[in-house]
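First up is the structure itself, then whatever we jot down about it.
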Amino acid sequence: MADVSEIYGKIQFVNSFPDYKVRIVDSFPDLNVQKVDSFPDGPGKWQIVDSFPDYKIQIVDSFEDFKIQYVDSFPGTP
């Protein structure tokens with residue numbers, strides 16, 4: 001599995017050819033994600049973009065690379 005704490009920055013959601021497949025959960029995530037509008041400069045801070053992403057993410061229901069939970073504060077590894 002990837003070091004999920006290193007996955008932050010500009011994120012583009014895609015339907016095919018992702019860098020990582022992610023499942024959104026309500027508990028026991030591998031990474032707490034905070035959506036930000038600017039400065040996605042730390043673990044778990046994701047700025048959603050339509051082009052020139054740092055990472056391409058596909059949302060899946062199974063066979064994920066890791067699990068995320070959206071949070072309003074304290075992003076990063078739980």
Any side-chain heavy-atom pair of [X] and [Y] under 4.5 Å:
{"X": "Pro43", "Y": "Pro75", "result": "no"}
{"X": "Ile48", "Y": "Phe13", "result": "yes"}
{"X": "Trp46", "Y": "Ile68", "result": "yes"}

Are [X] and [Y] connected in the hydrophobic side-chain network, where two residues link if heavy atoms are under 4.5 Å apart?
{"X": "Val14", "Y": "Val60", "answer": "no"}
{"X": "Ile57", "Y": "Ile24", "answer": "yes"}
{"X": "Val49", "Y": "Ile7", "answer": "no"}

Please confirm whether the backbone N or O of Lys56 pairs with a side-chain atom of Asp19, one donor and one acceptor, at under 3.5 Å?
-> yes
Verify, without hydrogens or angle tests, whether Asp54 (side chain) and Gly9 (backbone) share a donor-acceptor contact under 3.5 angstrom.
->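 Checking the backbone N and O of Gly9 against the side chain of Asp54, no donor-acceptor pair under 3.5 Å is found.
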Stepwise side chain to side chain contact (heavy atoms under 4.5 Å, CB included) check, Lys35 with Tyr70 = CA-CA 8 Å; Lys35 291 182 183 175; Tyr70 287 120; 3.4 Å; yes
Residues passing the side chain to side chain donor-acceptor pair (under 3.5 Å) test with Gln69, sequence neighbours excluded, are none
At what distance, to the nearest 0.5 angstrom, does OH of Tyr55 lie from NZ of Lys10?
-> 14.0 Å
For Val4 and Tyr20, run side chain to side chain contact (heavy atoms under 4.5 Å, CB included): C-alpha distance rounded to whole Å, both residues' side-chain angles, the deciding distance at 0.1 Å, then the answer.
-> CA-CA 10 Å; Val4 295; Tyr20 298 103; over 6 Å; no
Flag if over 12 foreign heavy atoms under 6.0 Å of CG, Asp50 | no
